[in-house]
Amino acid sequence: MSEIKIDESSPASADRLWKYVGDVEQWGDRLPTFTSVRRVGGPAPTGVGSRFEVRQPGLAKAVYEITRWEPGHGFTWVGRVAGMTTTARHDIEPASDGNRIELGLAWSGPLARVLRPVMSSRARRMMRSEGEHLARLAEQD
């Protein structure tokens, strides 16, 4: 299971970046790579076990469950659709010029081998857009 990684640098503080990275329920209103994100179960406030129905342009609807939640630092969520599991990582790391948003995406399961070559370049574009928009939101805050 190889991971696609995207890094986006930002002069914004980790707290300001987390305000947008960690507010997943608002991503549908804030990020062009998400149509909607709606809580469908698990604990509130958001944490490990929280589940969200995620809709993204041109992709099948999926339910993602948060498997790692570290406020101020990052989170991982996992979505499953028939034949494939998607693991998406969203981290904030210190950098020499401020901080860095690091996004990682990995697919596993029987369909992953078939879809990875087709979806990888699109996934990179979407992740790059997501990182740029999250950084810009934090910088304008």
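Below, all heavy atoms of this structure are taken into account, side chains as well, without hydrogens, waters or symmetry copies. For this chain, numbers begin at 1 and follow the sequence in order.
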Hey, is the main chain of [Y] close enough, under 3.5 Å, to the side chain of [X] for a donor-acceptor pair?
{"X": "Glu53", "Y": "Arg38", "value": "no"}
{"X": "Ser120", "Y": "Pro117", "value": "no"}
{"X": "Thr85", "Y": "Arg80", "value": "no"}

At what distance, to the nearest 0.5 angstrom, does [atom1] of [X] lie from [atom2] of [Y]?
{"X": "Phe34", "Y": "Met126", "atom1": "CZ", "atom2": "CE", "result": "7.0 Å"}
{"X": "Ser108", "Y": "Arg116", "atom1": "OG", "atom2": "CZ", "result": "8.5 Å"}
{"X": "Leu103", "Y": "Met127", "atom1": "CG", "atom2": "CE", "result": "5.0 Å"}
{"X": "Trp27", "Y": "His133", "atom1": "CH2", "atom2": "NE2", "result": "13.5 Å"}

Considering non-hydrogen atoms only, spot the tightest contact between [X] and [Y] and give its length.
{"X": "Ile101", "Y": "Gly131", "result": "CD1-O, 3.9 Å"}
{"X": "Ala135", "Y": "Glu8", "result": "CB-CG, 3.9 Å"}
{"X": "Gln56", "Y": "Thr35", "result": "C-OG1, 3.9 Å"}
{"X": "Pro32", "Y": "Ser129", "result": "CG-OG, 3.6 Å"}
{"X": "Ala12", "Y": "Ala138", "result": "CB-CB, 3.8 Å"}
{"X": "Ser10", "Y": "Glu139", "result": "OG-OE2, 2.9 Å"}

ring-ring contact (aromatic ring centres under 6.0 Å, His included) with Tyr20: which residues, sequence neighbours excluded? none
Hydrophobic clustering (ILVMFWY, side-chain heavy atoms < 4.5 Å, transitive) - are [Y] and [X] grouped together?
{"X": "Phe52", "Y": "Val63", "answer": "no"}
{"X": "Val78", "Y": "Val40", "answer": "no"}
{"X": "Leu115", "Y": "Trp107", "answer": "yes"}
{"X": "Val81", "Y": "Val114", "answer": "no"}

Against Asp23, only a single residue in Arg16, Arg30, Arg39 fulfils salt bridge (charged side-chain N to carboxylate O under 4.0 Å, His left out); can you say which? Arg30
Just grab all the side-chain hydrogen bond (donor to acceptor under 3.5 Å, both in side chains) pairs involving residues 64-77, residues at least two apart or on different chains. Arg68-Glu70, Arg68-Thr76, Arg68-Asp91
Does a salt bridge link Lys5 with Glu3, judged by any charged N lying under 4.0 Å from a carboxylate O? no
Does Arg100 come within less than 4.0 Å of Glu93, counting only side-chain N to carboxylate O? no
The test is side chain to side chain contact (heavy atoms under 4.5 Å, CB included); show your working for Leu17 and Leu134 and say whether it passes. CA-CA 7 Å; Leu17 286 168; Leu134 289 167; 5.7 Å; no
Can you check whether Glu130 reaches Ile6 side chain to side chain, under 4.5 Å on heavy atoms? no
Do Leu59 and Arg122 have side chains that get closer than 4.5 Å, going by heavy atoms? yes
Please test Ser121 against Arg125 for side chain to side chain contact (heavy atoms under 4.5 Å, CB included), starting from the C-alpha separation and ending with a verdict. CA-CA 6 Å; Ser121 63; Arg125 283 192 308 273; 3.8 Å; yes
